[in-house]
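Only one structure is covered here, and it is reproduced in the block below.
Starting from 1, each residue takes its place in the sequence as its number. Just so you know, ligand 1 is whichever comes first in the structure, and atom 1 is the first atom listed for that ligand. No experiment lies behind these values; they were computed from the predicted model shown.
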Amino acid sequence: MAILDILEFPDPRLRNKADPVTQVDERIQTLVADMLETMYNAPGIGLAATQVNTHKQVVVIDISEDKDQPLVLINPQIDILPDEEKEYEEGCLSVPGFYETVTRPTHIHVNALNKQGERFELEAEGLLAVCIQHEIDHLNGRLFIDYLSPIKRQRIRKKLEKQHKQQA
Ligand code: GNR
Ligand code: NI
């Protein structure tokens, strides 16, 4: 297992669109294990392959208190149940240090493959629904800060660029 480097905004590779996984083989299982280790180490409640510069449709999530309920979503398909929207204060490992309110649909239905390559379905609401939508956005090259005003996004960009220069 390995802890992978996480790309940070405004890295243009975060804008890549992930390709579907054609076969859930050993390479994908290694990626999943490394992503889980990277997510738990960060620590975070979710991680998309895009964030570790692998442009395949793979997501890991664990919103449990004890960090013992990993959820793996491969090739996730999402259906929005457009009855209700809710605000949530979101953060992102690729936008470290910034937390902003995002409004998203409350209820979703997800169809995905698990790490054995078997198809399963899931209804989600609350934090899990927020997290799944946040991660599927990553697979489509979208970040939570894209829902903010251009002024706020620009301010975050400048601060992170400055930090990255100081780290270089
Ligand atoms: O760790 C994370 N916390 C979080 C909080 C609110 C909404 C979404 C998230 S996901 C984030 C980890 C991450 O960046 N996943 O892509
Ligand atoms: Ni994120």
Side-chain angles (χ1 to χ4, degrees), residues 1-21 28 31-78 80-81 84-110 112 115 122-149 152-153 155-157 159-161 163-164 167:
M1 299 228 291
I3 291 170
L4 308 171
D5 284 337
I6 298 175
L7 301 178
E8 293 188 3
F9 178 73
D11 193 310
R13 293 171 291 183
L14 287 167
R15 298 310 188 178
N16 288 354
K17 284 195 184 9
D19 294 320
V21 171
I28 294 297
L31 173 66
V32 165
D34 289 348
M35 285 175 62
L36 282 167
E37 192 179 6
T38 303
M39 174 185 75
Y40 289 129
N41 175 258
I45 58 170
L47 190 69
T50 309
Q51 294 175 277
V52 293
N53 198 29
T54 298
H55 303 286
K56 292 188 187 137
Q57 293 177 12
V58 178
V59 160
V60 297
I61 291 173
D62 192 338
I63 61 162
S64 72
E65 188 111 344
D66 295 334
K67 300 290 168 203
D68 58 356
Q69 288 172 54
L71 176 65
V72 176
L73 304 175
I74 298 170
N75 298 349
Q77 304 282 349
I78 186 173
I80 306 283
L81 313 181
E84 197 185 324
E85 295 194 327
K86 211 169 178 214
E87 290 186 344
Y88 202 89
E89 183 99 334
E90 295 195 24
C92 181
L93 296 171
S94 297
V95 191
F98 295 89
Y99 300 86
E100 299 285 348
T101 302
V102 177
T103 304
R104 298 187 190 266
T106 314
H107 299 102
I108 60 171
H109 181 93
V110 185
K115 71 175 171 15
L122 174 68
E123 303 269 344
E125 61 180 315
L127 177 58
L128 182 59
V130 170
C131 194
I132 291 172
Q133 291 176 78
H134 176 116
E135 303 312 337
I136 291 177
D137 272 355
H138 276 302
L139 299 181
N140 291 319
R142 201 175 307 123
L143 299 169
F144 83 95
I145 52 173
D146 297 345
Y147 298 99
L148 310 178
S149 70
K152 270 194 179 170
R153 190 161 51 251
R155 207 178 288 145
I156 293 170
R157 173 194 286 269
K159 285 185 184 163
L160 284 174
E161 278 174 344
Q163 279 183 29
H164 295 157
Q167 283 160 15

Next item on the list: Indicate whether any N or O donor in one side chain lies under 3.5 Å from an N or O acceptor in the other, for T101 and E89.
Entry: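 Yes.
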Note to self: Just to verify, which of T50, V58, L73, N75 counts as forming a side-chain contact (heavy atoms from CB on, under 4.5 Å) with L139?
What the structure shows: T50
Next item on the list: Determine whether more than 12 heavy atoms belonging to other residues, nucleotides or ligands lie under 6.0 Å from atom NZ of K67.
Entry: yes
Margin query: Counting only heavy atoms from other residues, nucleotides and ligands, does the tally under 6.0 Å from CD of E161 exceed 12?
Written below: yes
Checklist line | Note, I80 side chain near Q133 side chain (heavy atom, < 4.5 Å) | finding: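 A side-chain contact under 4.5 Å exists here.
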Check: Are side-chain heavy atoms of T38 and L93 found at a separation under 4.5 Å?
Finding: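 No, too far: nothing below the 4.5 Å cut-off.
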Margin query: Using the rule given for side chain to side chain contact (heavy atoms under 4.5 Å, CB included), can you reason through E90 versus Y147, listing the C-alpha separation, both sets of side-chain angles and the distance that settles it, and then say yes or no?
Written below: CA-CA 11 Å; E90 295 195 24; Y147 298 99; over 6 Å; no
Check: So, for I28 and K56, which heavy atoms are closest and what is the spacing to 0.1 Å?
Finding: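 Smallest heavy-atom distance, with atoms named: CD1-CD, 3.8 Å.
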Next item on the list: Sort by chain and number the protein N/O/S atoms found under 2.8 Å from the Ni ion (ligand 2).
Entry: C92 SG, H134 NE2, H138 NE2
Note to self: Working note: E100 + F144, criterion side chain to side chain contact (heavy atoms under 4.5 Å, CB included); need CA distance, chi angles, decisive distance, verdict.
What the structure shows: CA-CA 8 Å; E100 299 285 348; F144 83 95; 3.9 Å; yes
Does ligand 1 have any N/O pairs with the protein under 3.5 Å, and how far apart?
unit_1	atom_1	unit_2	atom_2	d
ligand 1	1 (O)	I45	N	3.0
ligand 1	14 (O)	Q51	NE2	3.3
ligand 1	14 (O)	L93	N	2.8
ligand 1	15 (N)	G46	O	3.1
ligand 1	15 (N)	E135	OE1	3.3
ligand 1	15 (N)	E135	OE2	2.7
ligand 1	16 (O)	Q51	OE1	2.8
ligand 1	16 (O)	Q51	NE2	3.3
ligand 1	16 (O)	H134	NE2	3.2
ligand 1	16 (O)	E135	OE1	2.7
ligand 1	16 (O)	E135	OE2	3.0
ligand 1	16 (O)	H138	NE2	2.9

